[in-house]
2 protein chains.
Amino acid sequence: MIQAIDRAAKVLSSLQGARHLGITELSAELGLPASTVHGIVKSLQGHGLVAQEPGGNRYMLGPALLKLSNVYLDTLDVRARAMRWTLELARRTGLSTRLGVQLFDEVIIIHHNQRPDGSQQMPETGLSVPAHASAMGKVLLAYNPEYATGLLGRSLRTLTGATITDPTQLAIQFASIADFGIATEEDEAVLGESSVAAPVVDTRGNVIAAVAVVIPSSQWPPEPDVLNSLRETARNISRELGASTWPPRAPQPTVLVHPKSPEPLTRPET
Amino acid sequence: MIQAIDRAAKVLSSLQGARHLGITELSAELGLPASTVHGIVKSLQGHGLVAQEPGGNRYMLGPALLKLSNVYLDTLDVRARAMRWTLELARRTGLSTRLGVQLFDEVIIIHHNQRPDGSQQMPETGLSVPAHASAMGKVLLAYNPEYATGLLGRSLRTLTGATITDPTQLAIQFASIADFGIATEEDEAVLGESSVAAPVVDTRGNVIAAVAVVIPSSQWPPEPDVLNSLRETARNISRELGASTWPPRAPQPTVLVHPKSPEPLTRPET
DNA sequence: GAATGCAATTCGATAATGTCGAATATCCCT
DNA sequence: AGGGATATTCGACATTATCGAATTGCATTC
């Protein structure tokens with residue numbers, strides 16, 4: 001990892017968290033001398049990745065990021081293919097749908113279809129949710145056991161009273177998700193909002209995204225119809241991407257690194 | 001400018017242009033050894049700014065950009081303030097409206113209101129247009145003469161038959177924009193589409209954004225009503241940002257560096 | 001199914017490069 | 001107008017990124 005680039009990325013990350021920061025604040029946050037941070041920030045600014053706050057001495061994220069992210073979305077094959085299917089899913093279920101990809105310990109929503117009831121809803125594309133507290137995240141983790149193992153080692157953030165942070169409990173969920181190809185989440189990220197998600201697979205069988213249906217918790221649990229439509233949507237998208245089988249083959253089970261129980265948790269063989 | 005960061009930004013920029021590139025292709029494009037490029041790309045990948053194409057050996061932009069850009073939009077004070085006014089402008093005129101900021105020689109659309117006729121239209125937020133071929137860009141350049149001078153020195157891209165690329169002609173337009181606070185563009189970026197734009201000013205009198213109304217070229221020229229509404233919108237947004245006067249004070253006129261005429265072009269004193 | 005060629009990746013020596021701390025400039029607040 | 005804080009500039013130093021050669025991995029061909 002190239003030091004200067006690593007630091008530059010950390011600067012972007014800090015600005016992402018704090019919105020507006022001066023050089024001194026940044027240097028405190030990164031534990032680096034002010035002059036070093038200054039050089040980094042100016043370099044980023046030279047490419048529009050960071051911008052001077054109008055009014056002088058503080059910095060914020062820059063407009064180049066918007067352009068890059070727009071191209072990123074255009075680049076994503078999954079997204080282009082999935083859109084028509086998630087729209088159909090939203091129509092069928094009367095619910096809002098999401099398509100998400102993994103970004104480390106989070107899920108980034110790369111496409112969002114509003115509930116077709118005509119009400120005004122906030123666009124969710126670009127939002128991120130902690131992976132362990134979302135149905136999409138659980139799907140992605142269940143099929144990415146290598147990463148999941150690491151994640152379960154760290155301590156997880158609580159978002160609502162219902163957020164599951166116990167590694168053992170999550171590992172059990174992951175195992176059953178890998179078996180059934182469906183993940184659920186009840187009020188774990190946002191109170192009053194639950195969701196169900198399914199994996200999207202590419203040609204070589206990798207899970208590269210997740211589709212989800214968002215269900216008001218008052219309507220929980222979802223109708224079997226909803227689950228079937230979701231499954232079918234995930235299968236259709238995957239097929240369009242060239243996947244031969246769906247649901248994807250179950251991965252090696254997630255292993256807890258520091259299990260409280262002596263035996264590492266494994267998925268029962270079928 | 002820190003070399004490694006500069007190169008990293010150039011990698012992002014290349015991927016922005018080409019969507020998918022291998023290490024070799026990138027190294028050819030940047031004129032650097034493959035191993036150097038590899039290090040840069042891996043560093044970016046470590047932060048999610050670049051992602052491996054599903055299927056192996058090529059790289060594309062990464063999901064972290066989407067998250068960053070979302071925060072960027074949230075961070076922008078202008079945008080939050082302007083939204084309700086541009087919506088009103090769209091309602092009043094029956095036309096689609098845009099809010100844009102400058103990114104070097106382009107304008108990035110940071111907010112877009114669709115034409116209120118109920119037809120399905122593509123969301124334009126995040127799109128970029130060459131500054132010299134758009135009304136918003138002309139506004140931003142007219143009030144940023146330092147940058148404009150440099151830009152007019154380079155050769156400008158033609159987008160449609162109507163794109164104005166002659167520096168002298170553009171410099172004349174900039175002068176009159178600075179006087180009237182309104183810029184226009186007729187089919188210069190997209191055939192059939194014309195637009196009018198006005199500057200948005202902050203507390204200290206800097207032009208930080210531009211508002212525009214997009215007009216089908218078949219309806220050109222715009223009604224006086226449209227121009228008035230646009231002006232009023234720009235003034236309202238500016239006032240909300242703390243600007244005391246609108247239109248902003250005219251800047252030092254844009255000077256041509258290599259003028260064909262012996263005298264540099266100046267705006268007639270009023 | 002083996003062999004060939006291309007591209008990605010790893011590795012280590014080199015010196016070019018970014019880093020750091022001190023000095024200076026700029027801004028804002030009293 | 002003065003003082004404090006913050007951003008910015010500068011130059012010596014040693015850490016750090018860079019580069020080319022060697023290796024691995026993949027895909028395509030025969």
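Lettering of chains follows the sequences in order, A, B, ..., and the numbering in each one begins at 1. Bear in mind that the values here come from a model prediction, so they are computed numbers and not experimental data.
- Among pairs with a residue in residues 231-242 of chain A, those fulfilling side-chain hydrogen bond (donor to acceptor under 3.5 Å, both in side chains) read A/Trp85-A/Glu240, A/Asn236-A/Arg239, at least two apart in sequence or across chains.
- Comparing the axis of the opening five pairs of the helix from C/dG1-D/dC30 to C/dA15-D/dT16 with that of the closing five pairs yields an angle of 10°, rounded to 10°.
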Distance-only donor-acceptor pairs under 3.5 Å for side chains of residues 241-250 of chain B, two or more places apart:
unit_1   : atom_1 : unit_2   : atom_2 : d
B/Trp246 : NE1    : B/Pro199 : O      : 2.8

Handout entry: Footprint string (nucleotides 16-30 of chain C, 5' to 3'): B base within contact, S backbone only, - free, heavy atoms under 4.0 Å
Key = -SSSBB---------

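- Residues meeting the side-chain hydrogen bond (donor to acceptor under 3.5 Å, both in side chains) test with B/Ser128, sequence neighbours left out: none.
- Residue pairs meeting the side-chain hydrogen bond (donor to acceptor under 3.5 Å, both in side chains) criterion with at least one member in residues 3-12 of chain B, sequence neighbours excluded: A/His47-B/Asp6, B/Asp6-B/Lys10.
- Residues passing the side-chain hydrogen bond (donor to acceptor under 3.5 Å, both in side chains) test with B/Asn144 are B/Gln102, sequence neighbours excluded.
- Judged as a side-chain hydrogen bond (donor to acceptor under 3.5 Å, both in side chains), and not counting sequence neighbours, A/Asn57 has no contacts.
- Under the side-chain hydrogen bond (donor to acceptor under 3.5 Å, both in side chains) criterion, A/Asp77 pairs with A/Arg81, sequence neighbours left out.
- Contacts classified as side-chain hydrogen bond (donor to acceptor under 3.5 Å, both in side chains) and involving residues 33-43 of chain B (residues at least two apart or in different chains) are given here: B/Lys42-B/Gln45, B/Lys42-B/Tyr59.
- With a cutoff of under 4.0 Å to any heavy atom of chain B, the contacted region of DNA chain D is bounded 5' to 3' by D/dT18 to D/dG20.
- With A/Tyr147 contributing its side chain and A/Asp105 its backbone, the two residues share a donor-acceptor pair below 3.5 Å.
- The salt bridge (Lys or Arg N to Asp or Glu O under 4.0 Å) analysis of residues 53-62 of chain A, with sequence neighbours excluded, yields the pairs A/Glu53-A/Arg58.
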